[in-house]
Asks: 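Before I ask anything, here is the structure I am working with.
Note on naming: letters A, B, ... go to the chains in the order of the sequence lines (proteins, then strands), and numbering restarts at 1 for each one.
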Amino acid sequence: MTEETENDKESLFDAPPIAEQERMVEAMLFATSEPLTLKEMEDRMPHGCDAAEAMAHLRKRYDGRGVRVVKVGDAWAIRTAPDLGFLMEKETVETRKLSRAAVETLAIIAYHQPVTRAEIEEIRGVSVSRGTVDQLLEMEWIRFGRRKMTPGRPVTFVVTQTFLDHFGLESARDLPGLKELRAAGLLESRPPPGTMPQMGEGDQDADEESTEGQSELFED
Amino acid sequence: MTEETENDKESLFDAPPIAEQERMVEAMLFATSEPLTLKEMEDRMPHGCDAAEAMAHLRKRYDGRGVRVVKVGDAWAIRTAPDLGFLMEKETVETRKLSRAAVETLAIIAYHQPVTRAEIEEIRGVSVSRGTVDQLLEMEWIRFGRRKMTPGRPVTFVVTQTFLDHFGLESARDLPGLKELRAAGLLESRPPPGTMPQMGEGDQDADEESTEGQSELFED
Amino acid sequence: MAEDDFQDLDDSRVTPVADRMAAEALIVDIDGFEGPLDLLLTLGRTQKVDLRKISVLQLAQQYLAFVERAKQLRIELAADYLVMAAWLAFLKSRLLLPPDPEEDGPSGEEMAAHLAFQLERLQAMREHAARLMARDQLGRDFFARGLPEDVTRVKRVTYTATLLDLMQGYARLRTRDEFRPYAMDREAIFTMEQALDRMRPLIGFAGTWTDISTYLPEGFTTDPARRRSATASTFAASLELVKEGRIEIRQADTFAPIEVRRKD
């Protein structure tokens with residue numbers, strides 16, 4: 001509380017001291033189960049606050065504790081340390097078991113995003129059932145991304161913040177083994193030479209731009 | 001972490017070091033949806049843990065933080081520090097059009113200031129509700145002027161600088177006069193036939209407001 | 001490459017019993033496969049080599065044999081399995097026959113390489129799907145706040161008005177008591193004659209295309225009934241002026257603004 005007196009000497013309209021701002025982001029993150037963006041936090045904090053700096057302090061403070069401050073996409077959340085999961089048997093939520101098709105489709109979207117349905121079908125070699133995509137959309141693990149600038153302007157799928165939160169990923173860049181896959185050329189979308197039997201709707205044109213899309217993902 | 005080394009000297013089958021126990025109660029209090037008693041915590045923790053001691057440590061750690069460890073009955077919970085309650089509010093602002101009664105009252109004050117409530121009522125032909133005046137006062141578009149030197153010394157109303165700023169006027173004298181209003185075609189505009197206000201139009205304001213939404217709908 | 005493939009082909013002719021049984025099992029389990037690519041991947045695994053070094057020719061051979069046996073067992077195969085079979089047969093011929101200089105299109109090697117790539121990619125995605133699902137998961141291994149405190153939404157309403165609202169409000173009050181003789185209420189009517197009278201002197205100024213709605217008289221623009229009347233008569237008057245050769249009229253699209261211009 002020493003900061004308060006320090007502050008009183010300064011203008012009334014100054015932002016609160018950083019220690020106080022840290023308390024604020026701490027309180028907000030504890031109060032919600034959803035990740036909060038810096039903007040959402042700043043909107044609720046007094047004028048002139050720097051949520052990013054407060055977050056940096058807070059994150060350090062919770063290093064090694066029973067709960068951790070984690071980054072989820074461009075938002076922040078507090079989550080229990082994974083090694084203490086055994087204490088939370090009562091809190092464990094039974095998740096619907098995903099079908100093999102759904103798991104594969106999810107992985108393809110995560111690693112290849114933004115990706116069209118046709119591209120998913122190209123990779124899996126079978127058509128993607130509506131139910132599979134619907135289930136992933138309903139779980140809010142995937143959402144529609146930008147349309148591809150190719151004939152037909154097909155919609156693309158990308159993974160969501162909920163997905164990142166669920167799997168404890170800071171961003172899609174942190175997907176396990178992503179670098180190796182990329183190095184092996186397995187994330188490239190190679191147009192099939194000539195007359196390859198097309199599985200999905202067969203829009204080869206979608207492939208042309210997909211390499212560009214891939215880089216998009218890793219920019220933010 | 002000093003406890004850890006102390007503890008290591010003891011048997012392998014001893015309870016985890018107190019720092020570890022503190023992490024455990026922290027994670028449990030964070031993740032459970034209900035306050036936990038010491039017994040409930042110990043039931044979940046490895047054999048030999050002392051939840052009371054771990055709680056004492058945790059409580060101290062959260063002293064002065066954005067959240068606090070509080071006792072709820074005979075159980076424990078983490079709660080936002082009371083001084084940060086303001087962060088748990090999210091303000092949304094909605095802009096609405098001023099009611100007809102308020103607009104008319106305001107217009108009379110602007111054109112006739114300083115004006116008493118009785119004078120306003122005489123011009124409008126209906127009594128002015130307290131709410132209307134209060135609303136305009138609260139918006140800081142009108143304020144009390146000098147008392148009139150007439151029997152009863154009634155208060156008067158005048159428009160404020162805020163009013164002038166809002167309407168882009170230098171002074172209330174810049175308001176267009178009756179002649180100009182007529183030239184601008186504004187004096188022609190009468191309520192459409194049928195809804196022509198008859199005598200005793202005291203309830204006109206209410207009608208106006210309730211149909212407002214509809215006419216808006218049909219206008220364009 | 002071609003040498004090796006011939007070798008592989010020879011191998012596959014003397015299929016060990018165990019492999020044959022495995023193939024039979026595959027057929028019975030046909031429903032368990034997620035399409036031809038999945039089946040190819042499973043067949044490919046029996047070669048027990050790195051997918052990048054897989055013999056596509058041998059794989060094609062295995063697949064075709066599989067389809068053949070399925071047919072003998074009268075197992076209904078989905079169309080895409082047969083499409084793949086036809087394509088693999090084509091690929092096989094390309095790989096076995098010396099390249100025909102007359103024929104264009106991709107070489108057998110290119111096609112084989114792409115199939116190998118597809119298999120490797122599918123395999124990689126499966127492995128990574130498994131790695132993803134093996135991660136610590138929210139609600140299973142780590143947990144969110146169990147007792148969230150609701151953020152109360154405070155709704156603040158602000159009121160606003162425009163100068164026009166103010167003036168109209170005042171005008172309404174000041175004109176209410178004015179004497180108004182009883183008459184058939186034609187107030188909301190703007191006749192074509194009135195519109196013509198209004199437009200004739202104004203039209204001389206319309207050197208550029210002007211929306212006819214700008215010719216609506218004062219007081220006829222806000223109230224819907226009055227605006228309808230004035231719009232109709234102004235439009236009729238415009239047509240009249242076109243007929244007289246005084247103006248030109250145009251409309252870019254259905255429901256687009258109707259515009260007029262002085263005819264010089």
Side-chain angles (χ1 to χ4, degrees), chain A residues 1-4 16-34 36-37 39-47 49 51 54-55 57-70 76-93, chain B residues 1 3-4 15-37 40-47 49 51 54-55 57-70 76-93:
Chain A
M1 291 295 135
T2 47
E3 297 90 347
E4 213 152 8
I18 193 68
E20 201 50 30
Q21 295 185 33
E22 192 194 321
R23 288 183 72 230
M24 291 179 190
V25 294
E26 183 178 40
M28 285 187 282
L29 289 183
F30 261 91
T32 173
S33 55
E34 301 289 316
L36 291 176
T37 64
K39 173 151 188 331
E40 284 169 328
M41 290 188 260
E42 275 174 10
D43 282 352
R44 284 156 62 182
M45 293 163 82
H47 189 72
C49 284
M55 280 310 304
H57 281 84
L58 190 71
R59 195 179 204 186
K60 224 153 111 195
R61 185 180 295 271
Y62 279 92
D63 196 34
R65 299 267 298 274
V67 295
R68 306 187 306 173
V69 177
V70 295
W76 294 88
I78 297 182
R79 300 286 178 251
T80 62
D83 66 309
L84 299 177
F86 70 93
L87 294 166
M88 255 65 77
E89 257 171 59
K90 272 194 187 153
E91 280 69 41
T92 305
V93 275
Chain B
M1 287 289 141
E3 296 89 348
E4 206 154 9
I18 192 69
E20 202 51 31
Q21 294 186 33
E22 190 194 323
R23 288 182 74 228
M24 291 177 189
V25 296
E26 183 178 40
M28 283 187 289
L29 289 183
F30 175 84
T32 54
S33 56
E34 271 161 29
L36 289 174
T37 62
E40 284 167 330
M41 288 188 258
E42 273 174 14
D43 284 350
R44 293 180 180 204
M45 292 162 83
H47 189 72
C49 282
M55 276 306 305
H57 280 83
L58 189 70
R59 237 190 145 179
K60 217 156 119 196
R61 192 184 286 273
Y62 278 98
D63 194 34
R65 304 293 318 152
V67 292
R68 306 185 313 170
V69 179
V70 295
W76 295 90
I78 298 179
R79 291 272 201 271
T80 310
D83 65 313
L84 297 178
F86 71 93
L87 292 167
M88 304 306 139
E89 284 182 2
K90 202 172 190 177
E91 195 179 70
T92 51
V93 180

Asks: To the nearest 0.5 Å, what is the distance between CG (A:Asp83) and CE (B:Met24)?
Replies: 8.0 Å
Asks: Examine whether an atom of A:Met45 lies under 4.5 Å from a heavy atom of chain B, and if so say whether it belongs to the side chain, the backbone or both; otherwise answer neither.
Replies: both
Asks: If you take all heavy atoms of A:Gly66 and B:Glu26, which pair is closest and at what distance?
Replies: N-OE1, 2.7 Å
Asks: Show the nearest heavy-atom pair for residues A:Ile78 and B:Phe30, with the distance to one decimal.
Replies: O-CZ, 3.1 Å
Asks: Apply side-chain contact (heavy atoms from CB on, under 4.5 Å) to the pair B:Arg44 and A:Leu84, showing each step before the final yes or no.
Replies: CA-CA 11 Å; B:Arg44 293 180 180 204; A:Leu84 299 177; over 6 Å; no
Asks: Checking heavy atoms, do the side chain of A:Leu58, its backbone, both or neither come under 4.5 Å from chain B?
Replies: side chain
Asks: Is the Lys NZ or Arg CZ of B:Arg65 less than 6.0 Å from the centre of A:Tyr62's six-membered ring, within 45° of the axis?
Replies: no
Asks: So for A:Asp43, is it side chain, backbone, both, or neither that comes closer than 4.5 Å to the heavy atoms of chain B?
Replies: neither
Asks: Does any part of the side chain of B:Leu87, heavy atoms only, come nearer than 4.5 Å to the side chain of A:Arg23, both counted from C-beta?
Replies: no
Asks: Measure distances from B:Arg61 to the heavy atoms of chain A and classify the residue's part below 4.5 Å as side chain, backbone, both or neither.
Replies: side chain
Asks: Looking at A:Arg79, A:Glu91, A:Met41, which one has more heavy-atom pairs under 4.5 Å with chain B than the rest?
Replies: A:Glu91
Asks: Of all the heavy-atom pairs spanning A:Thr80 and B:Ala31, show the shortest one and how long it is.
Replies: CG2-CB, 3.9 Å
